[in-house]
There are 2 protein chains.
Amino acid sequence: MAPKARNVTQREIARIAGVSQTTVSMVLNDRDGSNVRIPEATRERVKRAIEQSTYVADPAARRLAGLDNQIMGVFTYEAALSPESMDFYGPLLNGLERAAEQVGCDLLFFTSSPVEDGTRSLFHRKTRLRLADGCILLGQQMDGDDLKRLVDEEFPFVAVGRRDETTAKVPYVGIDYVSLTAELIARAAELGHREALYVHRGRNSPTARDRLQEIHTSNASGGPRFTLVDGVDTIVEDLARTGATLVFAEDAFLAEDVALALGKAGTVVPEQVSLTALGEVRGHRVNGHPLSGFQVPRQQVAAEALNLLQQLITTPSDEWAGLDTQLLLAGQLELGETLVGRA
Amino acid sequence: MAPKARNVTQREIARIAGVSQTTVSMVLNDRDGSNVRIPEATRERVKRAIEQSTYVADPAARRLAGLDNQIMGVFTYEAALSPESMDFYGPLLNGLERAAEQVGCDLLFFTSSPVEDGTRSLFHRKTRLRLADGCILLGQQMDGDDLKRLVDEEFPFVAVGRRDETTAKVPYVGIDYVSLTAELIARAAELGHREALYVHRGRNSPTARDRLQEIHTSNASGGPRFTLVDGVDTIVEDLARTGATLVFAEDAFLAEDVALALGKAGTVVPEQVSLTALGEVRGHRVNGHPLSGFQVPRQQVAAEALNLLQQLITTPSDEWAGLDTQLLLAGQLELGETLVGRA
DNA sequence: CTGAAAGCGCTTACAG
DNA sequence: CTGAAAGCGCTTACAG
C-alpha cells in the first residue's frame with residue numbers, strides 16, 4: 001500500500017519549466033557530458049521550478065535505473081539494539097551513525113530476519129539487501145557461506161572485525177589483537193610472571209584465534225607459560241594446580257567473573273594474583289582497581305568500515321583488487337592496576 | 001553504481017519454468033483473484049524453479065510498482081546512537097527492534113540529514129523517506145510543520161510521545177504523564193507537603209506541558225503550592241525563600257543535579273528535603289537512596305508505535321479516520337525513598 | 001487458465 | 001542543445 005497522494009515527478013517539473021523530462025533529469029544529475037551542454041538559462045529555469053515545488057527524486061526509481069542511493073545496509077547476526085548487546089555494539093553503531101552523517105547516507109538495519117538459535121540469516125527469501133548500495137556486517141561470529149556468497153556476487157560489503165571464515169578475500173576493518181596480545185604478554189614477562197592461566201569462552205571467532213595465537217607463541221618460545229581454561233568454573237583449582245601468578249581473560253566481563261570466583265575462594269586480585277583482560281577495559285574495575293587490558297578504537301573501526309564501503313561502492317568491481325580492503329587498526333595497552341609484579 | 005553481477009529475475013524463472021513472467025509474479029504474490037486461477041501443477045513448477053534459484057524480488061521494482069516493502073523509516077531529530085542519547089533512545093530503539101523482528105520489517109534510519117543546531121530536518125532535497133512504507137518519528141521536540149506536511153501528504157507515520165505542535169491530527173503513542181503527575185502530587189499532599197519547587201528545563205515539549213498542567217492545577221485547586229524554577233542555579237535560594245519541603249524535578253538527571261546543588265549548600269536529600277523526578281527513575285539513586293518518580297514503559301511505547309504504523313500502512317488512507325491513532329500508555333509510580341513525610 | 005502490454009519514475013544512449 | 005525511446009524489474013488490468 002504505497003501512499004496515495006501523488007508525488008511530484010520530473011514530468012511535472014518538465015511541464016512547468018517547459019522542457020522535456022530528460023532535461024530535468026540531466027540538470028538534476030549535473031550531467032554535462034560530451035553530447036550534452038545545457039545552457040545556463042534552461043538550467044536555471046529548471047532549477048527554479050524544482051525549488052518552488054516539493055520535488056524529491058523517487059529513490060526506488062533511481063535505484064531501478066541503476067544509480068546508487070546512499071543507503072548502506074547494516075546487518076547484525078544478533079539483536080543489536082538490546083541493552084545486553086549495547087556494550088559491544090554501542091560504540092560501533094555510534095561510529096556508524098557519525099560516519100553516515102558525514103558522508104550523507106542512510107542506514108538500513110535488516111531487522112526483519114528473525115533471530116533463530118541466537119543468530120539471523122542474511123540471505124532469506126525476502127531480503128531487502130539489494131535496496132542498499134552496500135552492507136556493513138557486524139557480529140562476533142559470521143557465517144562463512146554468507147561471506148563467500150557476497151564476495152562471489154560482487155556485492156559491496158565490509159565486515160567489522162578481522163575475518164577468516166572463508167578462503168574468499170573478505171573486506172574488513174578490525175583491531176590488531178595480535179600485536180596487543182603480544183605486547184601484553186611481553187609486559188607480563190617483564191613483571192616476572194612465568195606461569196599463567198588463559199581463561200577464554202571457547203568461541204571460535206577470528207579475534208579469539210588472534211589472541212590464542214600469541215598465547216601459543218608464548219608457550220612455544222619460552223615466554224610465560226599459559227594453561228588454557230574454558231570458562232571460570234574450575235578456575236580456583238586450575239590456579240592452585242598450576243601455581244599461576246597471573247590470569248588473562250578473553251574480555252573484561254570474563255575478567256570480572258574470574259575476580260568474583262577467585263574472591264569467593266579467598267584469593268584477592270591483584271594482591272595475590274594479577275588479572276588482565278585481552279579486550280576493551282575502559283569503565284571496568286575489579287575490587288576498586290581499574291582493570292588492566294586494552295583500549296580499542298571501536299568507533300573508529302566502524303567509521304573506517306563505512307568509508308571503505310563507500311570506496312567499494314564508487315569503485316567498479318574490476319578495480320577492487322587494487323584497493324586496500326583489509327585494515328587492522330592499532331589499539332593500545334591500558335595498564336590499569338590489576339596487572340602487577342609477580343606476587 | 002549498482003552491483004554489476006546480474007541478479008536473477010522473474011523473467012529467468014519464467015524461462016526455466018516454461019511460463020510467462022506474469023505467471024511467476026502471480027505465483028509469488030499468491031494472486032488468485034477473480035480472473036486468475038493457476039493450476040496447482042503450474043504453481044508447483046514455478047515454485048520449484050524459484051527454490052532452486054537464488055531469486056529474490058527486487059525491492060526497488062516492487063516499490064516502484066506500488067507495493068509495500070516492509071521497510072519502516074526511523075527519524076530522530078537528534079543523533080540516536082550516541083552514548084549521551086542512549087538513556088532516552090535506548091529503550092525506544094530496543095522496543096522498535098523487537099517489534100520489527102516480530103512483524104518482519106526492516107528499519108531505515110535517516111542518518112543522512114546532518115544535525116544542524118542540534119536538530120535534523122526531515123524533508124530535504126535527497127530524502128529517502130518515500131522508500132519506506134511509513135515512518136516512526138522520535139525526539140523530545142518535533143517540528144510542527146513537518147508533522148503537518150506528513151499529515152497533509154497522507155504519508156503513514158507515527159510519532160513517539162504525545163504531540164500537539166500542530167492542529168493537524170497527528171498519530172502518536174505516548175505516555176500518560178498527566179495522570180502520573182497528578183498521582184504523584186496527590187501522594188505528596190498525603191505526606192503533608194504544602195510548599196514545593198518545580199525545577200524544569202524550560203523546554204516547550206508536549207510532555208513538558210503535560211507535567212506543567214498538573215502543577216498548575218495543584219496551585220489552582222489548593223493542592224501543594226509549586227514555585228516554578230528554570231534550572232538548578234538558584235535552587236538553594238529558592239528553597240530558602242519559599243520554605244519548600246519538596247522538590248519536583250522534570251526528569252531524573254535534573255533531580256540528580258538538584259541533589260548535588262543542595263548537597264553543596266549543606267541541605268541533604270531526603271532528610272531535610274524530599275526530591276522526586278517526574279520521569280523514569282529506574283537505576284537512579286540520590287545519596288544512596290532510590291530516587292522517587294515514575295516507571296514508564298518506553299519499550300512498549302515503541303512497539304505500539306510500530307504496530308500502529310503497520311495498521312496505518314495496511315489501511316487505505318480514507319479509512320484512517322476510523323482508527324484509534326492517539327494512544328497514551330499508563331506508567332506507574334515508583335515510590336523510591338526520596339519522597340518522604342514532610343520534614 | 002495464461003500471456004502481451006502498459007505503467008511505476010527514473011537514467012542513459014541515441015537521433016535529430 | 002534537446003527530446004523520443006528503451007530499459008531497469010516488477011504488478012496489474014486486459015485480452016485471448
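Within every chain, numbering begins at 1; the chains are lettered A, B, ... in the order of the sequence lines, protein sequences first and strands thereafter.
Picking from C:dC10, D:dT12, C:dT11 the nucleotide with the shortest atom distance to the side chain of A:N29 gives C:dT11. The side chain of B:L64 lies closest to C:dC8, out of C:dT11, C:dC10, C:dC8. Residue B:T9 places its side chain closer to D:dG9 than to any other of D:dT11, D:dG9, C:dC10. Checking D:dA13, D:dC10, C:dT12 against every side-chain atom of A:L67, the shortest atom distance belongs to C:dT12.
Legend: residues meeting salt bridge (charged side-chain N to carboxylate O under 4.0 Å, His left out) with A:R149, ordered by chain and number and at least two apart, are A:E153. Listed by chain and residue number, B:D152 satisfy the salt bridge (charged side-chain N to carboxylate O under 4.0 Å, His left out) test with B:K148 (two or more places apart in sequence, or in another chain).
Between A:E40 atom CD and D:dT2 atom P there is a gap of 12 Å when expressed in whole angstrom units. Atom CZ of A:R11 and atom C1' of D:dG3 are 15 Å apart (whole Å). Computed from coordinates, the A:R45 CZ to D:dC1 P distance equals 14 Å when rounded to whole Å. Rounding to whole angstrom units, CG of residue A:L131 and P of D:dG9 are separated by 14 Å. Look at CZ on B:R130: it is 11 Å from C1' on C:dC10, rounded to the nearest Å. Rounded to whole angstrom, the span from the CZ atom of A:R128 across to the C1' atom of D:dG9 amounts to 17 Å. Spacing between atom CZ of B:R63 and atom P of C:dC10 amounts to 13 Å, rounded to whole angstrom units. Rounded to whole Å, atom P of D:dG3 lies 15 Å from atom CZ of A:R15.
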Which dot-bracket notation, 5' to 3', represents the base pairing of DNA chain C when pairs are defined as Watson-Crick or G-U with both distances under 3.5 Å, crossing pairs as [ ], and inter-strand pairs as |? |||.||||||||.|||

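Here the closest heavy-atom approach between residue A:A17 and residue A:A49 is recorded as CB-CB, 4.2 Å. In terms of heavy-atom proximity, B:V151 sits nearest to B:V170 at CG2-CG2, 4.4 Å.
Toward the 5' end of DNA chain C, the nearer of the two residues B:T42 and A:D58, judged by each one's closest nucleotide, is B:T42. Taking for each of B:T23 and A:L28 the nucleotide of DNA chain C with the nearest heavy atom, the 5'-most of the two is the partner of B:T23.
No contact: B:A60 has no heavy atom under 4.0 Å from any strand.
Taking 4.5 Å as the limit, some side-chain heavy atom of A:D58 sits within range of a side-chain heavy atom of B:R130. The closest side-chain heavy-atom distance from A:Q310 to A:Q70 is below 4.5 Å.
A sub-4.0 Å separation between OP1 or OP2 of C:dG9 and a side-chain N or O of A:R62 is absent.
Applying the salt bridge (charged side-chain N to carboxylate O under 4.0 Å, His left out) test to every pair with at least one member in residues 99-112 of chain A, sequence neighbours left out, gives these pairs: A:E101-B:R120, A:D106-B:R128. Contacts classified as salt bridge (charged side-chain N to carboxylate O under 4.0 Å, His left out) and involving residues 162-172 of chain B (residues at least two apart or in different chains) are given here: B:R162-B:D164, B:R162-B:D210, B:R163-B:E165, B:D164-B:R209.
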Which is it for A:K126 and B:V56 under the side-chain contact (heavy atoms from CB on, under 4.5 Å) test, yes or no, and what are the steps along the way? CA-CA 6 Å; A:K126 312 199 76 175; B:V56 179; over 6 Å; no

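Heavy atoms from other residues, nucleotides or ligands lying under 6.0 Å from CD of A:Q102 number 12 at most.
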Output one line per pair: protein atom, nucleotide atom from nucleotides 4-7 of chain C, and distance, for all N/O pairs under 3.5 Å.
unit_1, atom_1, unit_2, atom_2, d
C:dA4, N6, B:T22, OG1, 2.9

